[in-house]
Enquirer: 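Pasting a structure here, questions to come.
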Amino acid sequence: MTHKQNLGKLPPRYSFALNPFQEIRFSTCPVCDEPTRLRKFVLFIYIVGFGPMALGKTCRFCTLCELIVVHQDELERELTTTLESRAPAVIGNEYMILGTMDRKVWRRCLEDAPTVTGDIFDHIADFKKELELEYDPGGWSPDQG
């Protein structure tokens, strides 16, 4: 059995699903079928050729399952906007969403990065579980594979 080493030093938190389907949006959870809510998270993302970045993103969230659902098209649009002035050459590169970052630390980084002490990974929480979504015109379900 392979043990996945945690990147962040905070305890793993939340389950995560990336929605690759542009025509479908979530109003109910694909796991428990309860209504989802909009909630802002700070996603910790690694972009090939650029490195790590933290991005504040409003996502669908199931409070019962603690599941974050990110719509891939919305995320990529925000990444493009963010990278246009900073690193246009990496737009379209592969990326991985690795976890979430403590929101208070993220805000301090935005205001004045040098005031954040210690390793940034002290403020990162990996995902407990990652779900792969499949679309069936009859409804959503988590990948059973």
Side-chain angles (χ1 to χ4, degrees), residues 2 4-32 34-137 139-143 145:
T2 311
K4 180 188 167 211
Q5 184 177 2
N6 288 342
L7 177 70
K9 295 183 181 171
L10 294 177
R13 191 168 183 202
Y14 307 118
S15 294
F16 173 78
L18 184 65
N19 174 18
F21 306 103
Q22 291 183 21
E23 66 279 7
I24 305 299
R25 293 299 185 243
F26 283 90
S27 58
T28 60
C29 175
V31 176
C32 70
E34 290 295 316
T36 58
R37 310 274 189 265
L38 290 174
R39 182 168 165 196
K40 190 160 191 171
F41 291 92
V42 180
L43 302 175
F44 189 70
I45 304 169
Y46 180 82
I47 302 170
V48 175
F50 181 76
M53 77 177 293
L55 179 71
K57 172 88 180 89
T58 301
C59 309
R60 282 286 176 181
F61 181 64
C62 175
T63 55
L64 293 175
C65 297
E66 293 193 322
L67 172 67
I68 300 171
V69 179
V70 174
H71 297 291
Q72 185 173 357
D73 61 323
E74 292 175 3
L75 174 66
E76 290 178 354
R77 196 169 26 252
E78 288 185 39
L79 287 173
T80 298
T81 301
T82 302
L83 294 169
E84 278 177 339
S85 61
R86 298 166 85 191
V90 301
I91 293 173
N93 285 8
E94 290 187 32
Y95 60 89
M96 295 174 282
I97 304 168
L98 302 171
T100 58
M101 182 177 189
D102 181 275
R103 203 164 171 192
K104 290 178 186 175
V105 173
W106 174 67
R107 282 189 185 140
R108 277 190 286 160
C109 286
L110 291 176
E111 292 168 9
D112 188 20
T115 63
V116 178
T117 58
D119 187 2
I120 197 71
F121 294 102
D122 291 344
H123 310 286
I124 304 296
D126 296 272
F127 295 119
K128 285 183 190 177
K129 186 174 167 183
E130 293 185 37
L131 302 175
E132 200 169 308
L133 300 174
E134 293 182 359
Y135 173 63
D136 174 3
W140 282 99
S141 65
D143 182 22

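All values below come from the heavy atoms of this structure, side chains included, with hydrogens, waters and symmetry mates left out.
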Enquirer: I'd like to know if the side chain of N19 and the backbone of I24 have a donor-acceptor N/O pair within less than 3.5 Å.
Expert: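 Answer holds: yes.
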Enquirer: With side chains defined as the heavy atoms from C-beta onward, is the minimum distance between L18 and I97 less than 4.5 Å?
Expert: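 Answer yes - side chains close enough.
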Enquirer: Would you confirm whether the ring centroid of F61 sits within less than 6.0 angstrom of the ring centroid of Y14?
Expert: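 Yes, the ring centres sit under 6.0 Å apart.
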Enquirer: Looking at F26, does the NZ or CZ of R60 lie under 6.0 angstrom from its six-membered ring centre and within 45 degrees of the ring axis?
Expert: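 Checked: cation-pi criterion not met.
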Enquirer: So which heavy atom on F21 is nearest to which on E134, and how close?
Expert: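 What the structure gives for the nearest pair is CE1-C, 4.1 Å.
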Enquirer: Rounded to the nearest 0.5 Å, how far apart are CD of Q72 and CD of Q22?
Expert: 8.5 Å
Enquirer: Check step by step if side chain to side chain contact (heavy atoms under 4.5 Å, CB included) holds for F16 and T100.
Expert: CA-CA 10 Å; F16 173 78; T100 58; over 6 Å; no
Enquirer: If you compare all heavy atoms of P52 against all heavy atoms of Y46, which two are closest, and at what distance to 0.1 Å?
Expert: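 That would be N-CD1, 3.8 Å.
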Enquirer: Closer than 3.5 angstrom, by distance alone: can the side chain of N93 be matched with the main-chain N or O of I47 as a donor-acceptor pair?
Expert: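 Such a contact is absent between N93 side chain and I47 backbone.
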Enquirer: What's the shortest heavy-atom distance between M101 and A54, and which atoms?
Expert: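 Taking every non-hydrogen atom into account, SD-CB, 3.6 Å.
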Enquirer: Rounded to the nearest 0.5 Å, what separation is found between the CD atom of E66 and the NZ atom of K129?
Expert: 12.5 Å
Enquirer: Of all heavy-atom pairs between I68 and C59, which one has the smallest distance, and what is that distance?
Expert: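 It is CG2-CB, 3.8 Å.
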Enquirer: Indicate yes or no: at least one non-hydrogen side-chain atom of Y95 is less than 4.5 angstrom from one of E76.
Expert: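 Of all side-chain heavy-atom pairs linking E76 with Y95, at least one is under 4.5 Å.
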Enquirer: Would you say that L67 contacts P30 through its side chain, given a criterion of any heavy-atom pair below 4.5 Å between the two side chains?
Expert: yes
Enquirer: Tell me the closest heavy-atom pair linking I124 and I120, and the distance in Å.
Expert: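 Minimum heavy-atom contact is CG1-O, 3.5 Å.
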Enquirer: I would like to know whether E34 and T63 meet side chain to side chain contact (heavy atoms under 4.5 Å, CB included); could you show each step before the answer?
Expert: CA-CA 9 Å; E34 290 295 316; T63 55; over 6 Å; no
Enquirer: Using every non-hydrogen atom in the two residues, find where C32 and C62 come nearest and quote the distance to one decimal.
Expert: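 Scanning both residues, the minimum pair turns out to be SG-SG, 3.6 Å.
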Enquirer: What's the spacing between L10 CG and F121 CZ if we round to 0.5 Å?
Expert: 12.0 Å
Enquirer: Assess the residue pair L75 and L55 against the criterion (side chain to side chain contact (heavy atoms under 4.5 Å, CB included)); give the C-alpha distance rounded to whole Å, side-chain angles, the decisive distance to 0.1 Å, and a yes or no.
Expert: CA-CA 9 Å; L75 174 66; L55 179 71; 3.6 Å; yes
Enquirer: To the nearest 0.5 Å, what is the distance between CD on E78 and CG on D73?
Expert: 10.5 Å
Enquirer: Any salt bridge linking R25 with E74? Criterion: basic side-chain nitrogen under 4.0 Å from a carboxylate oxygen.
Expert: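 Looking at E74 together with R25, the answer is yes, because their closest N to O distance falls below 4.0 Å.
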Enquirer: Hey, could you give me the NZ/CH2 distance between K40 and W106, rounded to the nearest 0.5 Å?
Expert: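 K40 atom NZ to W106 atom CH2 measures 4.5 Å (nearest 0.5 Å).
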Enquirer: Going from CZ on R86 to OG1 on T81, what distance comes out if it is rounded to the nearest 0.5 angstrom?
Expert: 12.5 Å
